[in-house]
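Here the structure is laid out as structure tokens; the discussion comes afterwards.
Computed from heavy atoms alone, side chains included, the values below leave out hydrogens, waters and symmetry copies. Positions are given from 1, in the same order as the sequence printed here. Keep in mind that this is a model prediction, so the values were computed, not measured.
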Amino acid sequence: LAANHEGAAELLGALCDRLEGRGFDAPLAAYAGLRGRELCSLGRYDEADEAAARARDHAHKDDLVTQAFWRQAAALVKEHRRDHADAERIAREAVAFARDTDSPRVQGDALSDLAEVLAAAGRHAEAATALQEALELYERKQVVPLARRARERLAEIEPVVAQ
């Protein structure tokens, strides 16, 4: 939440290593997915891809949150590699898993990542719609830093939509 992506990636990496060494697959999968998203924020896409794969490989098929997390990281990696179609497909899968949870934060994060994928593909109106929904979820949950970031990103995208 504090946007300290470097610190978060480092902490999550150390935590994942400890969990894997102890055989705790479920939390390992969740934290590896989160780490992948943090690494994407840092532009470290190869490492993010590895983290997403690690999360996928350890995720239980019925763990909706973890299924969303690894897909979010994987979608951002695909988008960075300009594989727009696959990135969108995976990001939409992440949103579908997130929607089946009861967490507005998880849902908002998945929608925010979908918005980034859509914006990078030049689909700004769809990106704004996804981001607006994420903003509403963040506001409902009162996650102030994420709501602020969603508003800022919307302010960047909406003028492009208006053109």
Taking side chain to side chain contact (heavy atoms under 4.5 Å, CB included) as the test, write out the residues that go with [X], two or more places apart.
X      : result
Asp113 : Arg37, Gln72, Leu76
Ala29  : His58, Ala59, Thr66
Leu135 : Gln132, Glu139, Ala147, Ala150, Arg151, Leu154
Ser41  : His5

Under 4.0 Å between a side-chain nitrogen and a carboxylate oxygen: does that hold for [X] and [Y]?
X     : Y     : value
Asp49 : Arg81 : yes
Asp25 : Arg54 : no
Arg22 : Asp17 : no

Mind checking salt bridge (charged side-chain N to carboxylate O under 4.0 Å, His left out) for Asp102 and listing every partner two or more places apart, or none if nothing turns up?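 If we apply the salt bridge (charged side-chain N to carboxylate O under 4.0 Å, His left out) test to Asp102, skipping adjacent residues, there are no hits.
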Hydrophobic cluster mates of Val144, side-chain heavy atoms under 4.5 angstrom, ILVMFWY only, any path?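 Result for Val144 is none, singleton.
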Between Ser103 and Val106, what is the shortest heavy-atom contact and its length?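 Minimum heavy-atom contact is OG-N, 3.1 Å.
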State, to 0.1 Å, how close Ile157 and Ala128 come at their nearest heavy-atom pair, and which atoms those are.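 Smallest interatomic distance, heavy atoms only, reads CG2-CB, 4.0 Å.
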Any ring-ring contact (aromatic ring centres under 6.0 Å, His included) involving residues 109-136? Give me the pairs, sequence neighbours left out, ordered by first then second residue.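 Listed by first then second residue: nothing to list.
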Provide the full list of ring-ring contact (aromatic ring centres under 6.0 Å, His included) pairs with a residue in residues 143-163, sequence neighbours left out, each pair given once.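 Applying ring-ring contact (aromatic ring centres under 6.0 Å, His included) to every pair that reaches into residues 143-163, excluding sequence neighbours, yields nothing.
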Value rounded to 0.5 Å, distance of CZ in Arg18 from OH in Tyr31: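 Result: 11.0 Å between the selected atoms.
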Can you tell me how far the CG atom of Leu15 sits from the CD atom of Glu20, to the nearest 0.5 Å?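 Nearest 0.5 Å value for the CG-CD distance: 11.5 Å.
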List in chain and number order the residues that pass ring pair (Phe, Tyr, Trp, His ring centres under 6.0 Å) with Tyr45, two or more places apart in sequence or in another chain; answer none if no residue qualifies.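 Scan of Tyr45 (ring pair (Phe, Tyr, Trp, His ring centres under 6.0 Å), adjacent residues dropped) gives His80.
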Sequence neighbours excluded, every pair satisfying salt bridge (Lys or Arg N to Asp or Glu O under 4.0 Å) that has a member inside residues 56-72: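 Salt bridge (Lys or Arg N to Asp or Glu O under 4.0 Å) check on residues 56-72 returns Arg71-Glu93.
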With salt bridge (Lys or Arg N to Asp or Glu O under 4.0 Å) as the rule and sequence neighbours excluded, what pairs involving residues 114-135 come up?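 Salt bridge (Lys or Arg N to Asp or Glu O under 4.0 Å) check on residues 114-135 returns Glu88-Arg123, Arg92-Glu126, Arg99-Glu133, Glu116-Arg153, Arg123-Glu126.
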Side-chain (Gln67) to main-chain (His60) donor-acceptor, under 3.5 angstrom: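 Present.
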Under a 3.5 Å distance rule, please check whether Thr101 uses its side chain to pair with a backbone N or O of Phe97 as donor and acceptor.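 Pair absent, no side-chain N/O of Thr101 close to backbone of Phe97.
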Is it possible for you to say whether [X] and [Y] belong to one hydrophobic cluster, with membership spreading through side-chain heavy-atom contacts below 4.5 Å?
X      : Y      : value
Leu111 : Leu118 : yes
Leu28  : Trp70  : no
Val65  : Leu114 : no

Which residue in the set Arg89, Lys78, Glu79 passes side chain to side chain donor-acceptor pair (under 3.5 Å) when paired with His84?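 Among Arg89, Lys78, Glu79, the one meeting side chain to side chain donor-acceptor pair (under 3.5 Å) with His84 is Glu79.
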Start with the C-alpha gap between Leu137 and Arg105, add the side-chain angles, then the distance that decides, and say whether side chain to side chain contact (heavy atoms under 4.5 Å, CB included) holds. CA-CA 7 Å; Leu137 289 162; Arg105 163 85 191 273; over 6 Å; no
Could you go through Leu146 and Asp109, starting from their C-alpha distance and side-chain angles, then the distance that decides it, and tell me whether this counts as side chain to side chain contact (heavy atoms under 4.5 Å, CB included)? CA-CA 9 Å; Leu146 297 180; Asp109 287 351; 3.7 Å; yes
Donor-acceptor pairs under 3.5 Å, side chain of residues 6-13 to any protein atom, not counting sequence neighbours: which ones?
residue, atom, partner, partner atom, Å
Glu6, OE1, Arg44, NH1, 3.4
Glu6, OE2, Arg44, NH1, 3.0

